[in-house]
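Take a look at the structure below.
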Amino acid sequence: DAGVIQSPRHEVTEMGQEVTLRCKPISGHDYLFWYRQTMMRGLELLIYFNNNVPIDDSGMPEDRFSAKMPNASFSTLKIQPSEPRDSAVYFCASSRGRSETQYFGPGTRLLVL
Amino acid sequence: EDQVTQSPEALRLQEGESSSLNCSYTVSGLRGLFWYRQDPGKGPEFLFTLYSAGEEKEKERLKATLTKKESFLHITAPKPEDSATYLCAVLPSGGSNYKLTFGKGTLLTVNP
């Protein structure tokens, strides 16, 4: 079975531009998580979904960040407008059940100039 | 607030030199403690889940143990391919909080 798929793998953009990150979870997994990883703060949970419904978005840093999950096989994380401090690696993870192991995608490396 | 502290931040070993990584945690109740391995440029890769104090799990040269306040990842006779960052995370019990809290990791380098 394919693992979690993320695209793009790398993104370089200019401040003020809109950025959209994409994720396809593992088939059959009902939980999807978005994380951000930086050297300073490590891995931080931004938001998670259960059966396509956002459950907890308390980790979303600002209103510039939004996430959607229109169906069980696709989710997006959007940053609009982007700022240099958004530069980080963004990971998507999925799990079968809320207490079960989370499996991570390869990440999207975002650089905002 | 749940907290996870990993030590040391970095560890350099010679091939075959056994050692342990530490993960100390503060959580109101523990549903599970997870160990992941992360290679440069890749996502975290699941290694183990521990659920209760006294539990141990092994995989090749790695063994994870759990007490009420900390977990250890023991590496026996490591090889250069064990070089990676090892992450620890806790999942709290109770209520509707199903959020993993991660430590910042231990960067392990094994020299041949």
Side-chain angles (χ1 to χ4, degrees), chain A residues 1-10 21 23-26 29-51 53-60 88-111, chain B residues 1-10 21 23-25 27-52 55 57 59 64 66 71 84-107:
Chain A
D1 187 16
V4 175
I5 299 172
Q6 291 187 247
S7 65
R9 294 294 311 277
H10 302 273
L21 311 181
C23 174
K24 177 180 170 58
I26 294 171
H29 283 192
D30 56 348
Y31 279 80
L32 183 139
F33 306 82
W34 281 102
Y35 288 88
R36 177 170 69 176
Q37 187 175 43
T38 62
M39 290 293 292
M40 288 293 295
R41 300 175 68 89
L43 259 173
E44 299 176 290
L45 179 67
L46 300 177
I47 184 171
Y48 76 93
F49 295 81
N50 174 220
N51 290 324
V53 176
I55 302 301
D56 188 333
D57 65 355
S58 59
M60 297 284 260
V89 183
Y90 291 81
F91 289 103
C92 176
S94 69
S95 67
R96 189 192 304 272
R98 56 192 176 185
S99 301
E100 300 303 314
T101 299
Q102 295 181 24
Y103 293 90
F104 284 75
T108 295
R109 280 151 185 77
L110 173 65
L111 178 61
Chain B
E1 183 178 323
D2 303 330
Q3 290 189 335
V4 179
T5 303
Q6 291 188 246
S7 63
E9 291 185 9
L21 313 183
C23 171
S24 298
Y25 62 91
V27 65
S28 55
L30 183 69
R31 191 183 304 270
L33 185 142
F34 299 79
W35 281 98
Y36 287 84
R37 167 190 172 130
Q38 186 173 22
D39 291 298
K42 296 189 176 182
E45 175 187 346
F46 171 71
L47 292 174
F48 305 108
T49 309
L50 302 167
Y51 294 101
S52 57
E55 188 174 1
K57 288 193 176 173
K59 179 180 179 180
L66 181 65
S71 177
T85 295
Y86 290 85
L87 298 168
C88 168
V90 296
L91 185 66
S93 63
S96 59
N97 184 358
Y98 292 96
K99 299 191 291 186
L100 275 180
T101 298
F102 279 85
K104 292 190 175 179
T106 293
L107 175 60

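Letters A, B, ... are given to chains in the order of the sequence lines, protein chains preceding strands, and every chain is numbered from 1.
- At a 4.5 Å heavy-atom cutoff, A:Thr38 makes no contact with chain B through either its backbone or its side chain.
- Under the 3.5 Å distance criterion, the side-chain polar atoms of B:Lys42 are left unmatched by any main-chain donor or acceptor of A:Gly107.
- Within the 4.5 angstrom heavy-atom criterion, only backbone atoms of A:Arg41 (N, CA, C, O) approach chain B.
- At a threshold of 4.5 Å between non-hydrogen side-chain atoms, the residues A:Gln37 and B:Pro44 do not count as touching.
- Heavy-atom distances place the side chain of A:Tyr35, and not its backbone, under 4.5 Å from chain B.
- Taking both residues in full, the closest heavy atoms of A:Phe91 and B:Gln38 are given as CZ-NE2, 3.4 Å, listed atom of the first, atom of the second, then distance.
- Contact between A:Ser58 and B:Lys99 at its shortest, heavy atoms only, is OG-NZ, 3.1 Å.
- Nearest heavy atoms, B:Tyr36 versus A:Gln102: OH-O, 2.7 Å.
- Using a 4.5 Å cut-off between heavy atoms, A:Leu45 contacts chain B through its side chain alone, with no backbone atom that close.
- B:Leu100 has its side chain out of reach of A:Phe33: every pair of non-hydrogen atoms, C-beta onward, lies at least 4.5 Å apart.
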